[in-house]
Structure formats: C-alpha cells, structure tokens
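Naming convention: chains lettered A, B, ... in sequence-line order (proteins, then strands); numbering from 1 in each chain. Heavy atoms only: backbone and side chains are in, while hydrogens, waters and symmetry mates are out.
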Amino acid sequence: MTLRILFDEIRLGVKDACTRLGYSETEFDISEASRPEFGDVSCNIGFLLAKALKKRPFDIAQTLAEEYKKNSTKYVSKVSAHNSGYLNFVANYPLLIPEVVKSSLHADYGKVNLGKNSKMVVEHTSVNPNKALHVGHVRNIIIGDTISRILHKASYDVSVLNYVDDSGLQVADIIVGFKYGGYSDKTPEGQKFDHYCGDIVYVSITERYETDKHLVELRSDVLKELEEGTSEIAKFGDDITRRVLDEQLKTCWRLGATYDCLNFESQIVRSNLWAVAFEKMKSMGITTLENEGKNMGCWVIKAESEEDKVLVRSNGTATYVAKDIPYAAWKLGILEDPFHYKHYTVQKTGRVLWQTVLDDKETKLNFRGDTVITVIDSRQSRLQKIITKIMSDFKSKPDSYIHLGYESVTLSPDTAKTLDLDTGGKSVQMSGRKGLYVSADYVLDVLSSRTFEEAKKRNQELDEISLVKISEQVAIGALRYTMIKQDLDKIITFDLTESLSLEGDTGPYIQYAYARAMRIVEKAGRDPIFEANLDEMQTVYEKDLVKVIGKFDLQVEDAAKNLSPKVIAKYCYQLAVSFNTFYEHVKVLTAESESLINARLCLVYSFKETLGKALDLLGIDAPSRM
RNA sequence: GGGCCUGUAGCUCAGCUUGGACAGAGUGCUGGACUUCUAAUCCAGUGGUCAAGGGAUCGAAGCCCUUCGGGCCCGCCA
C-alpha cells in the first residue's frame with residue numbers, strides 16, 4: 001500500500017463523521033501536514049463549514065475529531081483539532097511502515113492507471129538535420145523523453161516520434177554549401193559530421209548570403225529539388241541528412257532518450273497527405289479563399305482577435321504551418337496512413353527504432369494515438385494554437401492535440417563571452433545560424449571529465465573503465481536534472497561554469513544518496529528479512545523516509561495529469577534529502593540490536609528501490625558507487 | 001497596437017491549478033561535524049513590505065481588476 005490508502009481512509013472517515021453529525025456535504029481537502037508537529041495529514045473542513053454552522057473552525061474540528069474516533073480506523077493512530085482550525089491526523093506507523101516497505105519492492109511500484117492503456121503519441125527532439133544539438137535542443141529532448149517515461153508509468157501506451165525536417169530551408173543551406181560553396185562533404189578528421197555541418201558549413205554559408213545573392217537563388221532551387229525528391233541534388237541531400245541524423249541520434253542516445261519512429265518530412269510532402277487534409281479543411285469551412293485585400297488569392301484561416309493566417313499562398317504552395325497540419329492529423333489517426341515502416345536500428349535499451357517509408361513492400365505498423373503531445377518551444381505557441389484548433393475541429397473533441405510548450409534556454413553573459421560575444425551583462429538567445437550556442441556533446445564532455453576527477457578522488461581502487469562509466473552517468477544525471485527541475489515556463493539561463501556544480505539541489509546529489517544506500521546494502525552482506533517485525537523503527541528520520549517512499553504513486557499521478565516532469569524531479573530530491581538526513585542521524589549496520597539492523601536494512605533497501613524507479617522516470621542512471 | 005509567458009531571500013528557484021497554521025529549498029556568506037554505513041554529506045546561523053496599488057473574502061504569495069518592470073511571438077520565411 002501507499003499513502004494514498006491513508007488519505008482515502010481519512011477522507012472517508014471525515015465524510016462519515018460529517019454525515020453522522022448532520023453536517024451538509026462539503027468538498028474538503030485532505031493533504032499532507034505542512035509541518036511535522038501538526039501530524040502527518042491535515043484536513044481543512046473546519047474552515048469550510050464555519051460559515052454555514054456559525055461556529056469557529058476549531059470547535060468544528062474538535063467535534064469532528066471526537067466523532068471520528070468513534071469509528072474504528074486502521075491507518076490513523078491519532079486525531080486532533082488544532083487551534084488554527086485544522087483537523088490533524090497522525091499515521092499508525094507500526095502498520096504503515098511494513099506495508100509501504102513491502103509495496104515498494106514490487107517491480108511496478110509507483111504505477112498508476114491513469115491512461116488505461118490508451119494510445120498516446122509524444123513527439124520531441126525534431127531538430128533540423130543540418131547541425132549538432134545544442135543545449136536548447138537538450139531541454140526539448142529531456143522534457144519529451146521524461147514526459148513519455150512518466151506517461152508510460154501512468155499506463156499510457158506511448159509511441160515516441162522524432163520528426164525529421166529533411167526538406168527544409170536549413171538542410172538546403174548546407175547542401176548549397178557542399179555543392180556551390182566549396183565545402184567538402186567528407187567528415188574532417190577528429191570531428192563529428194553534425195558538428196562540421198553546423199559549426200562550419202551552415203554558419204559560413206549564412207554569412208556568404210549577405211554578399212553573394214546568387215547563392216540565395218541557388219538555395220531556392222535546391223529547396224525545390226529537395227521537395228520533389230527525384231533529382232541528383234535530392235539524393236545527395238538525403239544522404240547528407242541521414243549522416244547528420246545518425247550523429248544527432250548518437251547524442252540523443254547518450255542523453256538516454258529513445259524513440260519508436262523517425263518521421264521524414266520529405267515523405268509527408270510526397271505522400272499526398274497535404275492534399276487530403278486541405279480538402280477536408282475546405283469542406284469543413286476551416287479555411288477560406290480570400291478574394292480581396294492583402295491576402296487576395298490565398299487560402300487563409302480566420303482567427304479571433306488575431307491576424308488571419310495564410311495557409312496556401314496565391315501561387316498555390318503551402319506555408320510552414322500548413323505543412324504541419326497533415327502531420328498532426330496523421331499523428332491523431334484522422335487521415336489514412338500512407339506510410340509503411342522500415343527497421344532503422346535497435347537502440348541500446350532494446351527498443352526498435354522504425355522509420356517511415358513510402359515503399360508498400362515494407363511493414364505496416366501503428367504509431368498514432370488518441371492523444372498527441374508535441375513538445376516544441378513556446379515561441380511556436382501561436383502556430384501551435386492554430387494546429388490545436390484545427391485538430392479539435394477534425395476530431396470534434398478538444399484536448400486531443402496538446403502543444404507542450406516550454407521557455408527557451410539562453411546563454412549567460414559569462415558563457416556568451418567564451419563565444420566572443422559581449423552581451424553587456426544580459427543573457428542571450430542561442431542561434432544556430434549565427435554560431436552562437438553551446439553544443440550538447442561539448443557540455444557532456446566537459447561535465448564528464450569534471451565528474452571523472454571527482455570519482456577518481458573518492459574511489460582510488462576503481463579501474464579506469466568503471467570510473468568512466470560512473471562519470472558519464474553522473475554527467476548525464478547532472479545535465480538531465482538541471483533541464484527538468486525547473487518549471488517549463490521559466491527561461492533557463494545556461495552557464496557553463498554553474499552547470500559543473502555537483503552539490504545541493506542537483507542530479508549528482510540524488511545519485512549520491514542512491515550510492516550511499518547501495519553501499520550499506522552491500523556491506524550488510526545479507527538480504528533483509530522483510531517479514532520480520534519492523535516496529536523498532538521509531539525515529540522521525542525513519543518515519544519521514546517511509547512517508548516519502550509511500551507517496552511515489554501520488555507524485556506519478558500528479559506529474560502525468562499536469563504534464564509536469566519537474567514534479568518527479570522534486571520528488572527525487574525530496575527522497576534523497578530524506579535519506580541523507582536519515583543516514584546522518586541513525587546507524588544502520590551498527591544499530592543497537594539485530595532486529596533493528598534488519599528493520600533499517602529493509603528501509604534502506606526500500607528507499608533505493610524507490611529512488612531507482614523514480615530516477616528511471618527522469619532517465620537518470622542510479623550508480624551503485626560514485 | 002495585439003497575443004503568450006514571467007516578477008517570491010544577494011543569486012537560481014519551489015509554493016499559485018484546488019485561498020487557511022510562524023512563506024520553503026538550493027546557492028552565497030558565518031560557524032560547526034570526517035579513527036564512524038563514502039563529507040558529491042549533515043547541523044546551526046544569516047537572509048523576504050511574495051513587483052506596486054485596489055477589490056471580493058472571516059482569511060490572499062495564491063482569486064479578480066489596474067499599473068509598472070523583464071522575455072518571447074505577431075511574413076504569401078522556415
């Protein structure tokens with residue numbers, strides 16, 4: 001069982017007491033007590049009934065406390081009214097402790113049945129395949145990957161998609177660079193191909209557009225050829241794109257993210273999906289042909305209180321938003337699926353990665369969902385709002401298409417300075433085109449070597465291979481945690497120096513708590529006996545740890561319902577704090593009695609199992625040493 | 001001009017969805033704890049007119065309104 005049962009019991013008990021006292025039915029809150037001296041659980045019903053009953057909240061709480069005691073309770077050991085008016089409850093720990101500890105050992109501890117196995121699609125990453133990933137992309141990847149892990153834990157059947165815009169302007173840019181700009185398409189010695197394309201080719205060709213207008217014209221031609229997909233240039237483009245994509249995916253995998261399917265824009269363009277979606281919009285009256293004004297000859301979408309949005313230009317071509325509509329409709333299963341699916345690779349976790357193809361000899365699979373979450377930064381909110389509206393019209397059901405937006409990652413003044421940019425003390429938006437960014441690989445490498453030094457200092461007997469493994473796990477833990485612990489609508493100012501901090505509210509702090517627990521379990525040299533009596537654990541440190549362990553599923557539910565990955569980050573931190581406090585104040589292996597040693601060992605075991613599962617939702621490895 | 005987001009301790013942020021008990025962390029600074037299950041830890045101290053003003057409420061950091069500061073978006077570009 002978990003704390004949920006305790007909450008439910010109290011809710012029911014209070015309700016019964018109200019009924020018996022003849023109080024009118026009221027929606028009241030059962031919540032964790034804000035301070036330990038108030039007990040474990042609090043109820044605000046006194047305040048809510050005060051007006052109707054014309055009594056002080058405290059008097060009501062007191063009457064209810066007396067009434068509550070009349071019925072037998074299982075998980076509550078004490079009920080009392082507080083001066084403030086709250087009704088407070090103390091948990092029955094001798095019962096709670098063993099039940100929480102035992103539940104936490106189950107493989108699917110923390111699982112909640114929110115999704116009831118309904119199909120959910122999460123799309124994230126979706127970086128133009130012409131450059132290496134930078135820390136801004138990392139935020140997208142981590143949010144998307146974490147949310148898909150959480151939704152899976154909440155019993156959704158999740159498919160993860162990565163949209164590859166292989167026929168867009170940014171790809172055209174580097175193709176121009178290779179074909180007409182004099183850049184070799186050979187990967188330079190000691191460099192990843194994605195870095196070479198982004199750092200050198202993309203940035204310098206963009207610069208040259210300023211002075212060489214002929215290159216700009218060539219780009220338009222290349223773009224057209226990429227969309228048509230038949231020419232020599234298009235084949236060359238396809239080859240380049242896939243080389244970059246392969247390198248990008250290595251970084252994603254390094255970060256711990258995996259996917260189910262790669263969706264190529266070029267295939268959506270060639271699949272006729274757009275024509276089908278366009279006809280549907282026309283017949284539903286979603287888009288109209290403008291006969292006058294500045295948008296004359298265009299198909300537009302009318303929006304309340306905002307400018308009309310052009311979908312189809314007067315020359316008949318589709319705009320950027322328009323291209324997203326058939327894909328969104330495809331994801332929701334609204335349009336017939338024109339794709340077949342080809343094996344791309346098997347990822348490290350064993351998860352198979354597929355790719356869309358238009359070759360009907362390949363397999364037919366289903367990567368679509370009843371609900372679709374698209375992770376895109378909030379600068380795209382306006383366009384995403386349009387898509388959301390069209391999808392709810394298509395589905396005649398709101399909320400099936402969800403844009404999960406997040407604020408951008410900017411560079412701190414100090415970090416900008418390392419890129420030779422003086423921002424005058426302000427943080428600055430990253431820009432791939434201007435070459436103003438910090439790459440994900442670079443951050444991970446720096447972090448990894450920093451954590452390697454730390455790990456080596458502490459574990460001199462460990463060999464190089466183990467140390468490298470630990471430092472990589474810790475580096476990724478550190479990066480993933482900073483990207484997820486903050487609310488989605490807060491800007492993250494990335495500072496290279498600060499990102500190396502491994503103390504306090506960080507990923508490594510949490511991982512360290514896990515490693516400490518593992519050491520105790522190892523050194524104990526025996527398995528805990530969970531059937532034994534655990535009553536001897538009576539300190540606040542033990543009780544608090546049990547309480548935190550016991551609310552894992554409530555946190556998963558909260559995170560999934562609100563699509564808020566930080567909830568799990570905060571929970572992991574809380575678990576770690578609770579354990580470290582316990583660790584510093586009570587002894588496990590040298591406790592007073594054999595039975596107490598066993599009891600605490602059970603608790604430590606329960607903690608590390610729970611933290612391991614919670615960290616897994618964040619995609620952070622739990623190292624047994626560090 | 002319109003739309004979205006944001007303003008809480010020196011700094012970075014929780015808390016706001018669902019109003020209630022002295023507003024919490026981390027970091028910084030000051031001091032303390034390693035012959036002990038790993039000090040990437042713990043303990044204590046320091047630090048806040050919750051941007052400002054108004055409103056409804058018995059009660060507001062939270063709800064409503066106004067104002068001010070900061071960021072982003074508003075192309076027949078992608």
For A:Phe47 and B:rG59, is the gap between ring centres under 5.5 Å while the planes differ by less than 30°?
no
[N] OP1/OP2 closer than 4.0 Å to side-chain N/O of [X]:
X	N	result
A:Lys426	B:rG71	yes
A:Arg379	B:rG71	no
A:Lys51	B:rC58	yes
A:Arg35	B:rG24	yes
A:Lys561	B:rU17	no
A:Gln170	B:rA78	no
A:Tyr509	B:rA25	no
A:Arg516	B:rA39	yes
A:Lys490	B:rC72	no

Using the [atom1] atom on both, measure [N] against [M] and round to a whole Å.
N	M	atom1	result
B:rC22	B:rC50	P	16 Å
B:rG15	B:rU6	P	11 Å
B:rU46	B:rG7	P	27 Å
B:rG24	B:rA9	C1'	11 Å
B:rG31	B:rU8	P	30 Å
B:rC63	B:rA33	C1'	47 Å
B:rA25	B:rC42	P	13 Å
B:rG28	B:rG2	P	45 Å

Nearest-nucleotide comparison on RNA chain B, the residue closer to the 5′ end among A:Gly168 and A:Phe582:
A:Phe582
5'-most contact on RNA chain B: A:Tyr573 or A:Leu589, nearest heavy atom basis?
A:Tyr573
Assess whether atom NZ of A:Lys213 is packed by more than 12 heavy atoms of other residues, nucleotides or ligands within 6.0 Å.
yes
Distance criterion of 3.5 Å, no angle test: do you see the side chain of [X] paired donor-to-acceptor with the base of [N]?
X	N	answer
A:Asn44	B:rA21	no
A:Thr319	B:rC76	no
A:Glu584	B:rC34	no

For residues 554-568 of chain A, which side-chain N or O atoms pair as donor and acceptor with protein atoms under 3.5 Å away, sequence neighbours left out?
from     : atom 1 : to       : atom 2 : distance (Å)
A:Glu557 : OE1    : A:Arg4   : NH1    : 2.9
A:Glu557 : OE1    : A:Arg4   : NH2    : 2.6
A:Glu557 : OE2    : A:Lys561 : NZ     : 3.1
A:Asp558 : OD1    : A:Asn562 : ND2    : 2.6
A:Asn562 : ND2    : A:Asp558 : O      : 3.1
A:Lys566 : NZ     : A:Asp487 : OD1    : 2.2

Over all strands shown, is [X] touching base, sugar-phosphate only, or nothing at heavy-atom distances under 4.0 angstrom?
X	result
A:Ser378	nothing
A:Glu27	nothing
A:Glu37	base
A:Asn130	nothing
A:Ser34	base
A:Met296	base

Closest to side chain of A:His82, choosing from B:rA21, B:rC77, B:rU17:
B:rA21
Hey, are A:Glu542 and A:Thr539 close enough side-chain-wise for a donor-acceptor pair under 3.5 Å?
yes
Taking atom types as modelled and ignoring hydrogens, do the side chains of A:Ser408 and A:Asp377 form a donor-acceptor contact shorter than 3.5 angstrom?
no
Parallel, tilted or perpendicular: which one describes the rings of A:Tyr573 and A:Tyr509, with boundaries at 30° and 60°?
tilted
Here's a test for you: under salt bridge (Lys or Arg N to Asp or Glu O under 4.0 Å), which of A:Arg433, A:Arg208, A:Lys131 qualifies with A:Asp173?
A:Arg433
Should B:rC68 form a Watson-Crick or G-U wobble pair with both distances under 3.5 Å, which nucleotide is its partner?
B:rG7
I'd like to know if A:Lys224 and A:Glu227 make a salt bridge, using a cut-off of under 4.0 Å between side-chain N and carboxylate O.
no
